[in-house]
Amino acid sequence: MTTWQGWQHFATTPPPQPPAPGEPERSTEERLAYHFAFVTVRTPAIDTLTTNARTLMILGQHQQTTARPSLIVTGPAAAGKTTALLHTGRTCHLAHNRQHPPSDHSTQAPVPVAYVLVPPAASAKALATEFARYLGIPVTGRMTRRRSPTPSATPTTTPVCA
């Protein structure tokens with residue numbers, strides 16, 4: 001999921017559904033596959049997080065002069081932060097694509113949600129590098145903001161932050 005293609009597959013693949021009443025019993029393999037899959041139960045907390053994130057995305061579309069609004073989710077380990085954010089990201093991604101479908105002549109698909117993994121004390125360069133990797137932009141270890149090591153490479157922050 002830490003690449004655009006992986007996220008796109010995750011976000012657009014419907015989560016598995018439990019069997020409907022009256023359906024025949026599923027095999028052990030089908031039951032295990034269902035429980036192993038990413039199934040999130042919608043709770044009031046997840047609905048609130050999703051609503052707040054979507055609101056911030058909409059507000060950010062209209063912010064031109066200052067920093068865009070952001071969202072910080074904190075909590076103890078194993079509290080479900082990543083699970084809640086993945087569910088929220090999927091919901092926001094699908095909502096954005098429903099309201100702004102890519103045009104037939106568009107060469108680049110919109111990227112309303114990005115899922116990157118960064119360590120807690122990551123630098124701005126490390127974050128930009130993870131976004132570049134997510135978007136499939138080639139990055140080398142020695143790239144800096146001002147110049148790149150080879151003429152064919154671009155500075156990390158230029159294509160990511162532009």
Please say yes or no: joined through hydrophobic side-chain contacts below 4.5 Å, possibly via intermediate residues, are Phe10 and Leu135 part of one cluster? yes

Mind checking whether Leu94 and Trp4 sit in one hydrophobic cluster, side chains of I, L, V, M, F, W, Y counted as touching below 4.5 Å? no

Using modelled atom types only, decide if a donor and an acceptor are shared between the side chain of [X] and the backbone of [Y] within a distance under 3.5 Å.
X	Y	answer
Arg31	Arg26	yes
Lys81	Thr74	no
Glu30	Ser27	yes

What distance do [X] atom [atom1] and [Y] atom [atom2] have between them, rounded to the nearest 0.5 Å?
X	Y	atom1	atom2	result
Leu127	Lys125	CG	NZ	13.0 Å
Leu117	Thr82	CG	OG1	8.0 Å
Arg42	Thr40	CZ	OG1	11.0 Å

Would you indicate whether Glu23, at its atom CD, is surrounded by more than 12 heavy atoms from other residues, nucleotides or ligands within a distance under 6.0 Å? yes

Nearest non-hydrogen partners of [X] and [Y], listed with the distance:
X	Y	value
Ala53	Thr88	CB-CG2, 3.5 Å
Leu86	Tyr115	CD2-CE1, 3.3 Å
Val116	Glu130	CG1-O, 3.7 Å
Val113	Trp7	CG1-CZ2, 3.5 Å
Thr50	Cys92	O-SG, 4.2 Å
Ala11	His93	CB-CD2, 3.6 Å

Can you find a heavy atom in the side chain of Leu85 that is under 4.5 Å from one in the side chain of Leu49? yes

May I ask you to test the Leu32-Thr28 pair for a side-chain heavy-atom distance under 4.5 Å? yes

Can Arg133 and Thr2 be said to form a side chain to side chain contact (heavy atoms under 4.5 Å, CB included), step by step? CA-CA 8 Å; Arg133 194 178 64 70; Thr2 59; 3.6 Å; yes

For side chain to side chain contact (heavy atoms under 4.5 Å, CB included), just list the numbers for Thr43 and Asp47, CA-CA rounded to whole Å, side-chain angles, deciding distance to a tenth of an Å, and then say yes or no. CA-CA 6 Å; Thr43 64; Asp47 285 343; over 6 Å; no

In a table with atom names and distances, give each donor-acceptor pair under 3.5 Å that connects a side chain of residues 12-22 to protein atoms at least two apart or in another chain.
from: Thr12; atom 1: OG1; to: Gln8; atom 2: O; distance (Å): 2.6
from: Thr13; atom 1: OG1; to: His9; atom 2: O; distance (Å): 2.6
from: Gln17; atom 1: NE2; to: Pro15; atom 2: O; distance (Å): 3.2

